[in-house]
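Structure, as structure tokens:
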Amino acid sequence: KNEVEQSPQNLTAQEGEFITINCSYSVGISALHWLQQHPGGGIVSLFMLSSGKKKHGRLIATINIQEKHSSLHITASHPRDSAVYICAAAYSGAGSYQLTFGKGTKLSVIP
Amino acid sequence: DTAVSQTPKYLVTQMGNDKSIKCEQNLGHDTMYWYKQDSKKFLKIMFSYNNKELIINETVPNRFSPKSPDKAHLNLHINSLELGDSAVYFCASSRRAGEGEQYFGPGTRLTVT
């Protein structure tokens with residue numbers, strides 16, 4: 001059974017700061033997802049990655065398969081980035097699909 | 001156009017009742033999912049389903065059953081509702097199981113009294 005740990009649980013930053021959220025998992029995976037849950041409850045997929053690095057605007061996600069670790073970075077943070085960020089480790093194989101979620105990191109960006 | 005839609009948005013019902021939540025996606029995806037988010041905001045996958053295969057999380061009680069009339073719809077039926085079923089239920093879809101990003105519906109807040 002995969003266990004997914006996120007840190008920190010809560011994070012408060014000043015506008016403009018560089019933010020890093022970490023995610024580690026215990027067993028091999030086929031992909032790792034980063035999700036954003038807005039204060040209103042809606043969930044948006046930010047990234048799905050299985051190796052290396054992906055960038056979208058001010059968001060960057062990296063994964064190190066050997067170390068079973070992924071990070072989500074936000075550059076030049078803005079109050080609208082305030083949300084809960086969730087990582088999820090996915091394993092899919094013949095007839096099997098598992099997705100294990102971390103408990104989320106609540107980010108508050110203060111103007 | 002909404003990519004993944006769910007109805008109803010809110011559902012309040014009494015213990016013991018049977019209820020359904022509907023989900024539709026217009027993305028042409030092969031795989032759909034149901035997730036439960038509990039009061040502590042922790043997400044858990046309940047089912048993943050494509051037109052060939054249902055994969056069930058073993059912790060889901062058999063009172064919960066997904067029903068798919070076609071590839072674009074995956075409804076969630078819940079029998080004999082219990083207080084502990086109160087949660088937000090999210091539907092999602094992806095190109096194929098485990099492939100591509102998932103697109104989430106807006107969620108259905110179920111309250112069992």
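A note on names: the letters A, B, ... follow the listed sequences, proteins ahead of strands, and every chain is numbered from 1. What you are looking at is a predicted structure, and each value in this text was computed from that prediction instead of being measured. What's counted below: heavy atoms across the whole structure, side chains too, no hydrogens, waters or symmetry copies.
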Handout entry: Distance, nearest 0.5 Å, that separates CG of A:L35 from CZ of B:F90
Key = 10.5 Å
Practice task
Give the minimum heavy-atom separation between B:F42 and A:F101, together with the two atoms involved.
Solution key: CE1-O, 3.4 Å
Handout entry: hydrophobic_cluster_shared for B:I21 and B:V112, side chain cutoff 4.5 Å
Key = yes
Exercise for the section: Using salt bridge (Lys or Arg N to Asp or Glu O under 4.0 Å) as the criterion, list what pairs up with A:R58, not counting sequence neighbours. Expected result: A:D81
Handout entry: Spacing of CD belonging to B:Q102 relative to CD1 belonging to A:I43, to within rounding of 0.5 Å
Key = 10.0 Å
Handout entry: Greatest number of heavy atom pairs closer than 4.5 Å to chain A - which of B:A92, B:G100, B:G107
Key = B:G100
Handout entry: Co-membership, hydrophobic cluster, residues B:F64 and B:Y49, 4.5 Å side-chain
Key = yes
Practice task
Following the transitive rule for hydrophobic clusters with a side-chain heavy-atom cut-off under 4.5 Å over Ile, Leu, Val, Met, Phe, Trp and Tyr, establish whether A:I60 and A:L32 coincide in one cluster.
Solution key: no
Practice task
Go through A:I86, A:V84, A:L99, A:V44 and name the one with the most non-hydrogen pairs under 4.5 angstrom from chain B.
Solution key: A:L99
Handout entry: Any B:K41 side-chain heavy atom under 4.5 Å of A:K106 side chain
Key = no
Exercise for the section: For B:K67, look at atom NZ and say whether over 12 heavy atoms of other residues, nucleotides or ligands are found less than 6.0 Å away. Expected result: yes
Exercise for the section: Spell out, yes or no, whether A:W34 and A:L59 are grouped together once hydrophobic residues are joined by side-chain heavy atoms under 4.5 Å, including indirect joins. Expected result: yes
Practice task
Tell me, for B:K44 versus chain A, whether the close heavy atoms (under 4.5 Å) come from the side chain, the backbone, both or neither.
Solution key: backbone
Practice task
Measure A:L46 against the heavy atoms of chain B and call it side chain, backbone, both or neither at under 4.5 Å.
Solution key: backbone
Problem - A:N10 atom CG, neighbour heavy-atom count above 12 within 6.0 Å - result: yes
Fill in the blank from the handout: So, the part of B:Y103 with a heavy atom under 4.5 Å from chain A: the answer is neither
